[in-house]
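Let me begin by presenting the structure, written as structure tokens, before commenting on it.
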Amino acid sequence: MSSPVWFITGASNGFGLYLCLRALRAGHRAIGSVRNRTKSADAVKQIESAGGKIVELDLNDSQENITKKIKAVGQIDYLVNNAGFFVLGAVEQVTEKEAQLQLQTNFFGPLYTTQAALEGMRARRSGTIVNITSIAAKDPQPTSGMYAASKAALEGLSESLAAEVAPFNISVLIVEPGAFRTNFLAALSLPEAPLSPDYDGTVVAQAREKFLAYDGKQVGDPLKGVDRIFEAVAGEGMAGHLKGKVRRLVIGRDALERNRKAIDRFTADLALAEEVALSTDY
């Protein structure tokens with residue numbers, strides 16, 4: 001039996017790079033995508049030295065080009081949509097171009113890679129789609145509105161997709177991380193438009209400063225996070241028992257706590273508005 005093939009986007013650093021190396025250490029085959037081999041030379045060297053392969057892939061490219069590159073790979077057993085970035089700014093501040101780029105990279109890119117990989121998975125009646133989202137999808141903070149929207153959209157797509165492809169023995173796993181010590185915050189994007197002085201001293205200004213100062217202080221260990229992802233997908237190790245049993249894998253103490261608070265708020269809203277909800281039927 002041949003070893004499974006992983007295709008992991010955003011392999012130039014962080015979760016993407018570490019997951020490629022983790023899969024290769026397990027004797028699996030791994031293909032990592034980077035936007036530019038030259039700019040990602042260190043990651044390329046690490047992955048190729050470990051026996052992996054690299055594909056240049058820009059999620060801002062057209063659906064046609066993304067599809068061609070995915071299909072050219074051949075068999076993909078585990079597709080991991082990991083690539084993404086963070087526009088840090090108030091909703092009012094974000095431009096049309098910035099909003100479109102955020103959604104193209106974090107939502108439409110993963111949509112296109114998934115669509116391209118599904119044909120082969122259906123034919124083999126086997127496969128797993130792993131979509132890396134964020135706790136922001138469940139608990140959006142001020143200044144993360146566009147990022148949270150892109151990740152919430154990906155979660156909604158994943159939930160529907162899971163039901164659609166289950167008859168073909170294809171599974172979908174949403175991975176919802178908290179704050180991990182990768183280069184995520186160092187690589188964030190700030191809006192071109194200035195923030196109105198009206199926001200001075202508000203939660204927007206406070207959240208912006210918190211995010212800008214938090215890089216390197218995140219509580220999550222990305223190597224441990226990647227281990228849990230690999231285990232849940234491969235069905236081995238500490239998280240192996242979760243394979244096929246959970247739709248959503250929450251990783252990070254902060255993500256767990258924020259999820260529970262978000263669920264409590266939602267439950268409270270349901271209870272408070274129950275009479276109103278029941279009053280609208282024929």
Would you say [atom1] of [X] has more than 12 non-hydrogen atoms from neighbouring residues, nucleotides or ligands within 6.0 angstrom?
X    : atom1 : answer
K71  : NZ    : yes
R25  : CZ    : yes
E48  : CD    : yes
R124 : CZ    : yes
K53  : NZ    : no

Taking side chain as C-beta onward, heavy atoms only, is [X] less than 4.5 Å from [Y]?
X    : Y    : result
I54  : I47  : yes
L57  : I66  : yes
E176 : N259 : yes
T182 : N13  : no
L223 : F15  : no
Q93  : E98  : no
I229 : I132 : yes
K138 : E155 : yes

Interatomic spacing from [atom1] in [X] to [atom2] in [Y] - rounded to 0.5 Å:
X    : Y    : atom1 : atom2 : value
Q104 : D58  : CD    : CG    : 8.5 Å
E192 : T95  : CD    : OG1   : 6.0 Å
T114 : I76  : OG1   : CD1   : 10.0 Å
S279 : E274 : OG    : CD    : 11.0 Å
N82  : T113 : CG    : OG1   : 11.0 Å
N65  : N60  : CG    : CG    : 12.5 Å

For this session: From the options L157, L154, N81, select the one residue that forms a side chain to side chain contact (heavy atoms under 4.5 Å, CB included) with L111.
Result: L157
Seminar exercise, completed: Tested for side chain to side chain contact (heavy atoms under 4.5 Å, CB included) against F85, the lone hit among L101, L59, L188 is L101
Problem set entry | Residues in side chain to side chain donor-acceptor pair (under 3.5 Å) contact with Q102, at least two apart in sequence or another chain |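 Listed in chain order: nothing, the list is empty.
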Exercise. Passes side chain to side chain contact (heavy atoms under 4.5 Å, CB included), E159 versus I174? Steps please.
Worked result: CA-CA 8 Å; E159 294 275 8; I174 299 167; 4.1 Å; yes
For this session: Please determine if E56 and K69 form a salt bridge, counting it only when a charged side-chain N lies under 4.0 Å from a carboxylate O.
Result: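 The answer is no: the pair does not qualify as a salt bridge.
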Problem set entry | Salt bridge present between E231 and R228 (N-O < 4.0 angstrom) | yes
Give a yes or no on whether [X] and [Y] share a hydrophobic cluster (residues Ile, Leu, Val, Met, Phe, Trp, Tyr; joining criterion: side-chain heavy atoms under 4.5 Å apart).
X    : Y    : value
F184 : V80  : no
V219 : L212 : yes
L19  : V250 : no
L256 : L242 : no
I8   : I70  : no

Exercise. By ring pair (Phe, Tyr, Trp, His ring centres under 6.0 Å), which residues pair with Y18, not counting sequence neighbours?
Worked result: none
For this session: Please name all residues satisfying ring pair (Phe, Tyr, Trp, His ring centres under 6.0 Å) with Y78, sequence neighbours left out, ordered by chain then number.
Result: W6
For this session: Kindly determine whether D254 and I135 satisfy side chain to side chain contact (heavy atoms under 4.5 Å, CB included), including the steps that lead there.
Result: CA-CA 9 Å; D254 56 334; I135 181 56; 5.5 Å; no
What is the minimum heavy-atom distance between [X] and [Y], and which atoms define it?
X    : Y    : value
A11  : A43  : O-CB, 3.6 Å
L195 : A90  : CD1-CB, 3.9 Å
T9   : A83  : OG1-N, 2.9 Å
P140 : A148 : CB-CB, 3.7 Å

For this session: Any chance you could lay out the side chain to side chain donor-acceptor pair (under 3.5 Å) test for N131 and S158, step after step, and finish with the verdict?
Result: CA-CA 7 Å; N131 286 327; S158 301; 2.8 Å; yes
For this session: Decide yes or no on side chain to side chain contact (heavy atoms under 4.5 Å, CB included) for T128 and D77, but give the supporting numbers first.
Result: CA-CA 6 Å; T128 301; D77 297 295; over 6 Å; no
For this session: Only pairs at least two apart or in different chains count here, so list each ring pair (Phe, Tyr, Trp, His ring centres under 6.0 Å) that has a residue in residues 95-130.
Result: none
Exercise. Which ring pair (Phe, Tyr, Trp, His ring centres under 6.0 Å) pairs, counting each pair once, include a residue from residues 201-227, with sequence neighbours left out?
Worked result: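 Pairs touching residues 201-227 that pass the test: F86-F211.
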Donor-acceptor pair, [X] side chain versus [Y] backbone, under 3.5 Å?
X    : Y    : value
T133 : V175 : yes
N36  : K39  : yes
Q141 : D139 : yes
E236 : A234 : no
N169 : S126 : no

Result block: side-chain N/O donor-acceptor pairs under 3.5 angstrom for residues 201-210, not counting sequence neighbours:
from	atom 1	to	atom 2	distance (Å)
T202	OG1	Y199	O	2.6
T202	OG1	V204	N	3.3
Q206	NE2	G201	O	3.4

Exercise. Is there a salt bridge (charged side-chain N to carboxylate O under 4.0 Å, His left out) between E64 and K68 once you walk through the steps?
Worked result: CA-CA 6 Å; E64 180 182 4; K68 285 179 180 178; 3.5 Å; yes
Exercise. Is it the case that R22 places NZ or CZ above or below the six-membered ring of F230, under 6.0 angstrom from the centre and within 45 degrees of the axis?
Worked result: yes
For this session: May I have the step-by-step check of salt bridge (charged side-chain N to carboxylate O under 4.0 Å, His left out) for D215 and R181, ending in yes or no?
Result: CA-CA 7 Å; D215 183 39; R181 204 168 298 179; over 6 Å; no
For this session: Check step by step if side chain to side chain contact (heavy atoms under 4.5 Å, CB included) holds for R122 and I170.
Result: CA-CA 7 Å; R122 276 192 294 103; I170 299 170; 4.0 Å; yes
